[in-house]
Trainee: 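Got a structure for you, questions after.
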Number of protein chains: 4
Amino acid sequence: MSQSKKNTKQKIFDAAIKTFAEKGFWKTKVSDIVAEAGVAQGTFYLYFNSKDDCLYELLEYLHKGTLHQINQLIENKQSTIFDICASFIKRIYQYKMLSKVFLFEALSSGEKFKNLYFRFKKNIRDMLSKVLSEETNNYNETTVSIISGFLKELIEYYILFLNEDLDTILKHLYEGLEKIEGARYEKI
Amino acid sequence: MSQSKKNTKQKIFDAAIKTFAEKGFWKTKVSDIVAEAGVAQGTFYLYFNSKDDCLYELLEYLHKGTLHQINQLIENKQSTIFDICASFIKRIYQYKMLSKVFLFEALSSGEKFKNLYFRFKKNIRDMLSKVLSEETNNYNETTVSIISGFLKELIEYYILFLNEDLDTILKHLYEGLEKIEGARYEKI
Amino acid sequence: MSQSKKNTKQKIFDAAIKTFAEKGFWKTKVSDIVAEAGVAQGTFYLYFNSKDDCLYELLEYLHKGTLHQINQLIENKQSTIFDICASFIKRIYQYKMLSKVFLFEALSSGEKFKNLYFRFKKNIRDMLSKVLSEETNNYNETTVSIISGFLKELIEYYILFLNEDLDTILKHLYEGLEKIEGARYEKI
Amino acid sequence: MSQSKKNTKQKIFDAAIKTFAEKGFWKTKVSDIVAEAGVAQGTFYLYFNSKDDCLYELLEYLHKGTLHQINQLIENKQSTIFDICASFIKRIYQYKMLSKVFLFEALSSGEKFKNLYFRFKKNIRDMLSKVLSEETNNYNETTVSIISGFLKELIEYYILFLNEDLDTILKHLYEGLEKIEGARYEKI
DNA sequence: TATGAATGAGGCTTCATTCAT
DNA sequence: GATGAATGAAGCCTCATTCAT
């Protein structure tokens, strides 16, 4: 892939993220994306087969990257559940707009996206399970649900609704996990 | 409102809930709703100004009813946090399809719906706060976030994804609150 | 089907025939047809799934009607090959524009239409065969090819290109068949 | 024209013939042609002004070549009508794909092409007239129509539809002319 | 009140053509 | 000459909404 081709695709990608996040998948027109990207309507179709396709590629990118990042932490045996969650929250915060699309658009954007969303949720829960079972001796599924739900609440309420900064959110996370797990963590 | 008018509107209401839940707001056509309801296309517009309007009315109905139900429990000073949560879960379970639309479509269906959704979330959190502060002496916002997130996880994962029955879900709820609060509740 | 519905479909049908005949299938836009018919763009899609569909329905109509008409003549045992051909030519002349579409657009409008065209051609040849074998004792396939080709030449050259009137064309037909068959026919 | 330029143009020419014949003029995209030719999209426009232009050049080439070939036969006073027709059929068979485009696409590809087609048809008929009037003493226009139609039927039905081989088709031709003319020809 | 045919603005996508390299 | 990414006009089709009956 040539440099210029890569650039054009990236421009469209960035514009799509921004537009999907602002207007939502269904209200976003391809013409909005290309206007934001500064390319012609037809150019969009050189890189994506459809609007659907574009969203799917974006979500897969976030999905894979996030899981990969967490997996690497897990392989480092010294990572605590706090490290994992903080890493997750940081990534979501970094990709705020794209995450918004993933977490709050996917369920209503068609079967394909719903499946991707639930695959993601399942993966996150599995990772939490793994770390919890290594870390504590009274692991159970309920704890996974509590933490998984708490993470989503942090994102939904503190990031999206209240729009708080990362440090404040990590503080909430720390306090929450402390309460849930009854343990103290080193902040990272 | 005459009896027959009420019936027609109710037919459309029910059809709309079913269709929105099955196909999502954006993929639902007015023609789908009226086909399901067994009335003519034009009839829809005798009762609703628009497709948006119809969804909004539905969500407000769920919103108000749910808050009202919880409020009544709160006014009965003996209600525990478990009672409140169980009542909430039961109602969501009862209006499974409509709730699905509310909890997972609203954020992506336009500004108006997003506002309604966050108003609802805020109300639920406030009620939890109120009960918690009456019930425990170490109440804090973090606990509200944990419980609020846990409730949504129960709905998202156990009701929508795994499609478990009400009793199983209430069991999860009980175990979760026990873990969060470190207390035992009377099951209702 | 209500009267008004029938009328609208007929209006579109007529407009489609005219437009297809004038501009050809590929150059005809749905917007041309509806403009000619005096209805809205969307109305077209109440009656046809697509432009393809519309053409197909038109051609089938001509196809079936023409075959039916000839079949009835054949069942009357006294019909000569001249009667059959004259009846065919008259029908083509009557549906001049639609026939033009069938005979000269179908082969280039996609597989489906090509198949319909060759089915039609085969049917016509079979009918000619049947009548010839009843009428003469030295019937053979070559004669069928000669007559079939002659008929198409009459249409292509005298109707479409020279735009001659029906009587002149029937005169050509009479002379041609006389030459081919070496017999004299009663003009009908 | 340089050698390499000639090669590129020829590659595109050949690809265009193949593609037009397979998919028809309207369904053929310039991108199909260049893919088949193995050149870049822009290269097409170094040799042709437009897709229309390319088809027109192709058809003119077939047109002129065919007429030229027949004219040479006519100048040789000993050529019979069978020689002329056989030569015509052989050429059509040799340029099967291109002929398909000419004979069955031209009428529906726009005014310019329709004119070219009828010019061709007129030329063929004139040549037949000329030979017939030299060969027989009871020449008339009807015979021209019969032979012209028969030739097209041979192409349409036996070449395109039944896909028979050249010898078989020439046999049909021989039998047909024998029947039409009541004479015996030397096969060439 | 109820109907359902008709509307038409608007979105998605295609593809012939251009042009900078 | 050759390339192929970029263009953008144009066309098909959808569907929320209207309105005459």
Side-chain angles (χ1 to χ4, degrees), chain A residues 1-9 12 26-34 38-53, chain B residues 1-2 4-5 7-9 26-35 38-54, chain C residues 1-9 11-12 26-34 37-53, chain D residues 1-2 4-5 7-9 26-35 38-54:
Chain A
M1 198 183 285
S2 78
Q3 184 57 33
S4 97
K5 194 170 170 185
K6 202 181 263 164
N7 285 341
T8 301
K9 182 161 190 179
I12 298 175
W26 293 102
K27 281 203 174 164
T28 294
K29 294 172 264 176
V30 172
S31 62
D32 294 328
I33 298 174
V34 296
V39 299
Q41 187 94 354
T43 306
F44 182 89
Y45 292 91
L46 293 178
Y47 299 98
F48 304 100
N49 293 320
S50 64
K51 204 176 71 161
D52 258 55
D53 232 61
Chain B
M1 198 183 284
S2 79
S4 99
K5 187 169 173 182
N7 284 340
T8 301
K9 182 161 190 177
W26 292 101
K27 283 205 173 164
T28 293
K29 295 177 249 172
V30 172
S31 62
D32 295 329
I33 298 174
V34 297
V39 299
Q41 190 96 351
T43 307
F44 182 89
Y45 291 90
L46 295 175
Y47 299 99
F48 303 100
N49 293 320
S50 64
K51 201 177 84 165
D52 261 53
D53 235 62
C54 174
Chain C
M1 198 183 282
S2 76
Q3 185 57 33
S4 96
K5 194 169 171 185
K6 204 181 262 165
N7 285 340
T8 301
K9 182 163 190 178
K11 268 195 289 181
I12 298 175
W26 294 101
K27 282 202 175 164
T28 293
K29 294 173 266 174
V30 173
S31 62
D32 294 329
I33 298 174
V34 296
V39 299
Q41 186 95 356
T43 306
F44 182 89
Y45 293 92
L46 293 178
Y47 300 98
F48 304 99
N49 293 321
S50 63
K51 203 176 70 159
D52 259 55
D53 233 61
Chain D
M1 197 183 283
S2 76
S4 96
K5 189 169 172 183
N7 285 340
T8 301
K9 182 162 189 176
W26 292 103
K27 283 205 174 165
T28 293
K29 296 177 249 174
V30 173
S31 62
D32 295 329
I33 298 175
V34 297
V39 299
Q41 190 96 351
T43 306
F44 182 89
Y45 290 89
L46 295 175
Y47 299 98
F48 303 99
N49 292 321
S50 64
K51 201 177 84 163
D52 259 54
D53 235 63
C54 175

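The figures here come from the full heavy-atom set of this structure, side chains too, leaving out hydrogens, waters and symmetry mates. Chain naming here is simple, since letters A, B, ... match the order of the sequence lines and numbering starts at 1 in each.
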Trainee: Please tell me which of the listed nucleotides, E:dA2, F:dC13, E:dA5, lies nearest to the side chain of C:Y47?
Mentor: E:dA5
Trainee: Going by purine N1 to pyrimidine N3 plus the second Watson-Crick contact, or the G-U wobble pair, all under 3.5 Å, which nucleotide sits opposite E:dG4?
Mentor: F:dC19
Trainee: If you find the nucleotide of DNA chain E closest to D:K27 and the one closest to B:G38, which residue's nucleotide is nearer the 5' end?
Mentor: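 Final value for this comparison: B:G38.
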Trainee: Given atom CG of A:D32 and atom C1' of E:dT13, what is their separation to the nearest angstrom?
Mentor: 16 Å
Trainee: B:W26 CH2 to F:dC15 C1': how many Å, rounded?
Mentor: 13 Å
Trainee: To the nearest 0.5 Å, what is the distance between CZ (C:F48) and CD1 (C:I33)?
Mentor: 8.5 Å
Trainee: Would you please confirm or rule out a distance under 4.0 Å between OP1 or OP2 of E:dT3 and any side-chain N or O of B:T43?
Mentor: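 For B:T43, the contact criterion (side-chain N or O under 4.0 Å from OP1 or OP2 of E:dT3) is met.
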Trainee: Answer yes or no: side-chain N or O of B:Q41 and base N or O of F:dT17 forming a donor-acceptor pair under 3.5 Å.
Mentor: yes
Trainee: Rounded to the Å, how far apart are A:L46 CG and F:dA6 P?
Mentor: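 Answer to the nearest Å: 7 Å.
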Trainee: How many whole angstroms separate atom OH of C:Y45 from atom C1' of E:dA9?
Mentor: 15 Å
Trainee: Could you please name the option among F:dA16, F:dT3, E:dT17 that lies closest to any side-chain atom of D:V30?
Mentor: E:dT17
Trainee: Nearest whole Å is fine: how far is F:dG11 C1' from C:D52 CG?
Mentor: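 Nearest whole value for this atom pair: 14 Å.
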Trainee: Please compare C:G42 and A:A40 by the position of their nearest nucleotide in DNA chain F and report the one closer to 5'.
Mentor: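 The residue mapped nearer the 5' terminus is A:A40.
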Trainee: Would you tell me if any nitrogen or oxygen in the side chain of D:K51 comes within less than 4.0 Å of OP1 or OP2 on E:dT17?
Mentor: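 For D:K51, the contact criterion (side-chain N or O under 4.0 Å from OP1 or OP2 of E:dT17) is not met.
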Trainee: What is the distance from CZ of C:F44 to P of E:dA6, rounded to the nearest Å?
Mentor: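 These atoms are roughly 14 Å apart.
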Trainee: Please give, in whole Å, the distance from E:dT18 P to D:D53 CG?
Mentor: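 Going from CG in D:D53 over to P in E:dT18 covers 12 Å.
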Trainee: OP1, OP2 of F:dA16 versus side-chain N and O of B:S31: anything below 4.0 Å?
Mentor: no
Trainee: Among E:dT3, E:dA6, F:dC15, which is the nearest nucleotide to the side chain of C:T8?
Mentor: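 Per side-chain heavy atoms of C:T8, the pick is E:dA6.
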Trainee: Got a donor-acceptor contact below 3.5 angstrom from the D:K9 side chain to the D:L46 backbone?
Mentor: no
Trainee: Taking side chain to side chain contact (heavy atoms under 4.5 Å, CB included) as the criterion, tell me which of A:V30, A:V34, A:D53 meets it with A:Y45.
Mentor: A:V30
Trainee: Can you find a heavy atom in the side chain of B:V39 that is under 4.5 Å from one in the side chain of B:F44?
Mentor: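 No - every pair of side-chain heavy atoms lies 4.5 Å or more apart.
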Trainee: Between C1' on F:dT17 and NZ on B:K29, what's the gap in Å once rounded to a whole number?
Mentor: 15 Å
